[in-house]
Student: 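Below is one structure. I have some questions about it.
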Amino acid sequence: MINIKEDPALNVLNHSCAHLMAQAIKHLYPHALFWVGPVITDGFYYDIDLQEQVITEEDLLKIEKEMKKISKDGKRITREEISKAEALALFKDDPYKLDLINNMDENEVVISVYRQGDFVDLCRGPHVESVKQLKFFKLLKVSGAYFKGDSKNKMLQRVYGVCFATEEALNDHLYMLEEAKKRDHKKLGRELNLFMISEYGPGFPFFLPNGMIILNELENFWYEEHSKEGYQFIKTPIMLNQQLWETSGHWSVYRENMYTSEIDDTMFAIKPMNCPGAMLVYKNAIHSYKEFPLRVGELGLVHRHEASGALNGLFRVRAFTQDDAHIFMREEQIEGEIIRLINFIDRIYSVFGLTYKIELSTRPLSKYIGSIEVWDRAEAILEKACLEAGKACKINPGDGAFYGPKLDFHIQDSLGRVWQCGTIQLDMNLPERFDLTYIESDGSKKRPIMLHRVIYGSIERFIGILIEHYGGAFPLWLAPRQIVIVPVNPEVHGQYAHEVASVLLQQGLRVEVDERNEKLGYRIREAQVNKIPVQLVIGDEEVANQSVNIRRYQQKEQNNCNLADFVINITKERDGKY
RNA sequence: GCCGACUUAGCUCAACCUGGCAGAGCAACUGAUUUGUAAUCAGUAGGUUGUAGGUUCGAUUCCUAUAGUCGGCACCA
């Protein structure tokens, strides 16, 4: 997907198109006031205060029409540099522009306005020379957006659009958006019977038999890989009492998002995070430096009361499984452990062919605990580890958790939306709150360093991302239905078909025999539609040669292969994920 | 939670604007057909139109509320 914001030519084009849209909206809604209209990754938007009026998606065509009219008129776009006083005078009736101008320092920035016909806007530019150049655009959606991004402020209306230099480029982009919609995990999840969400439990996903297979494969894979990395595993309770959450600090900070229930006059909360339980496990024994780094993993089911409007298929749910682990160590072990983790995460993602970006989130400006020196040191270690591991790392200033800095791994879905999956977080809070200790080599009691980390992030979300990433056509090891055997004539070839099936079943492959009373073409089509990786057709020839005829998903060619070789090849493919 | 849109058979959609017996394709089921690589033919069944109110002689259609879903915002794994 093209990043319009980072393409210099498209950036200018889209920015100018945002102005064109604003001009058209001003024509149609004379009372409209405009806040800002920036370029984003997939186009542009403008935030508008329509004062009681509403733009709905139906109105977008009308606005587009007006934009085309203005574009045809072909007015030049001109730049003027003005003083702050002049700017304040020019926009004296526009509180939004006054807000912007008042926040500008004349000595630092040049204040400029751009004019096109009857429209003038405060803007840094640059812009195209004439509105005539803005021909191939499309308004895509309209939504609400809080003024200055703060939910305490009033909501403005935000209209999104996109602009290209040629009709082909625009059409390609729109086509791609349509294609991406076909990969939507909610749609594929229903079609392939992977999961469902009932209105009786908004945000609480149900996994269906096919989805369960994917879930189990991912969990098995996770356990295997973590065992190799020296992890131990635990399972901590779903519910723990109020006192524990007070100790962890969640009761005061996170209470709104926690589900609670009273048991025998004591308040309990369903865990929104696994850490406090893991702390109790650590404290259950006395630990020595010799055990470090102590890696304790847990596939932990957590529940969080997420805002209703945030829910979105498997991407955002109220109950999910974190592939959590807590690692306890000495300070000098941090860097090595983090490098090791980055490589581990990289290896896992590469199995799925997922690309990702790492970001380092640093100390928040206000709400944080611990000393600045400790934060600086921790951030430096994270950044260094990232560089040592050979990964680029963008810095997100002030985005860290209150308890420590973190490295976040961001993966893109099919619509180009970015999801945080993996994260490595240093925690400077919980070891203190739970008074965790270990015995140093000199016999003294010391406080261990602890970090939390996840790789999938949430298995539910990760499955959503995988569904879209693969477009529902999973690699063999993950495919819920791996092989369909289609006897040409079930009555004649059915017996051999079942013999083949039982050989494959013994290898732990997921096999079905489709002996329905339907034409071969029908059954093949059905297997293709259901994105089943391997179809084996069996007729006279195959029975005679003790062979199978192989056709793969989305391929037309067929190959004959004797059964024994096929079994070897297919199991090798399944087990060779990397 | 906020803004907007949407909700009709298992799925995809029609009828709604302009109130008057709720339809189609796919899937399912039954029968015929016995099939060589993306849809064989015929038939059957499937619905308190998300829910609750209201307007009306009459509501899937108009109005109100509510739930859920989707696109964003805010939040976030």
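Lettering follows sequence order; numbering is per chain, from 1.
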Student: Whole angstrom is fine here: how far is it from CD in A:Glu491 over to C1' in B:rU34?
Tutor: 6 Å
Student: Using a cut-off of less than 4.0 Å, is there contact between a side-chain N or O of A:Lys186 and OP1 or OP2 of B:rG71?
Tutor: yes
Student: How many Å lie between CZ on A:Phe204 and C1' on B:rA77, as a whole number?
Tutor: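 Rounding to the nearest Å, CZ of A:Phe204 and C1' of B:rA77 are 15 Å apart.
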Student: Would you kindly check whether a donor in the side chain of A:Glu306 faces an acceptor in the base of B:rG1, or vice versa, at under 3.5 angstrom?
Tutor: no
Student: Please determine whether any donor N or O and acceptor N or O are separated by less than 3.5 Å between the side chain of A:Arg316 and the base of B:rC76.
Tutor: yes
Student: Is the closest side-chain donor-acceptor distance between A:Ser547 and A:Asn562 under 3.5 Å?
Tutor: no
Student: Could you give the distance from CG (A:Asp49) to OH (A:Tyr96), rounded to the nearest 0.5 Å?
Tutor: 3.5 Å
Student: What is the distance from CD of A:Gln535 to C1' of B:rG36, rounded to the nearest Å?
Tutor: 14 Å
Student: So A:Gln555, base contact, sugar-phosphate only, or nothing? Heavy-atom distance under 4.0 Å.
Tutor: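 Nothing: the residue A:Gln555, judged by heavy atoms under 4.0 Å, touches no strand.
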Student: Looking at A:Asn312, I'd like to know whether one of its side-chain N or O atoms comes within less than 4.0 Å of OP1 or OP2 on B:rG71.
Tutor: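 For B:rG71, OP1/OP2 do have a side-chain N/O of A:Asn312 under 4.0 Å.
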Student: Please report, rounded to the nearest Å, how far the P atom of B:rC75 is from the CZ atom of A:Phe320.
Tutor: 17 Å
Student: With a 3.5 Å cut-off and just heavy-atom distances, do the side chain of A:Tyr146 and the base of B:rG1 make a donor-acceptor pair?
Tutor: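 Side chain to base: pair present.
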Student: State which of B:rA77, B:rG72, B:rG71 makes the closest approach to the side chain of A:Tyr160.
Tutor: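 Between B:rA77, B:rG72, B:rG71, the one nearest the side chain of A:Tyr160 would be B:rG72.
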Student: Are any non-hydrogen side-chain atoms of A:Trp419 and A:His410 less than 4.5 angstrom apart?
Tutor: no
Student: Between A:Lys181, A:Lys182, A:Lys186, which is the residue that forms a salt bridge (charged side-chain N to carboxylate O under 4.0 Å, His left out) with A:Asp184?
Tutor: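 Only match with A:Asp184 under salt bridge (charged side-chain N to carboxylate O under 4.0 Å, His left out): A:Lys186.
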Student: Please list, chain by chain and in numerical order, all residues satisfying salt bridge (charged side-chain N to carboxylate O under 4.0 Å, His left out) with A:Lys357, sequence neighbours excluded.
Tutor: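 Result, salt bridge (charged side-chain N to carboxylate O under 4.0 Å, His left out) vs A:Lys357: none returned.
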Student: List, with names and distances, any nitrogen or oxygen atoms from the protein found under 3.5 Å away from nitrogen or oxygen atoms belonging to nucleotides 3-13 of chain B.
Tutor:
residue: B:rC3; atom: O2; partner: A:Gly144; partner atom: N; Å: 3.2
residue: B:rU12; atom: OP1; partner: A:Arg190; partner atom: NH2; Å: 3.1

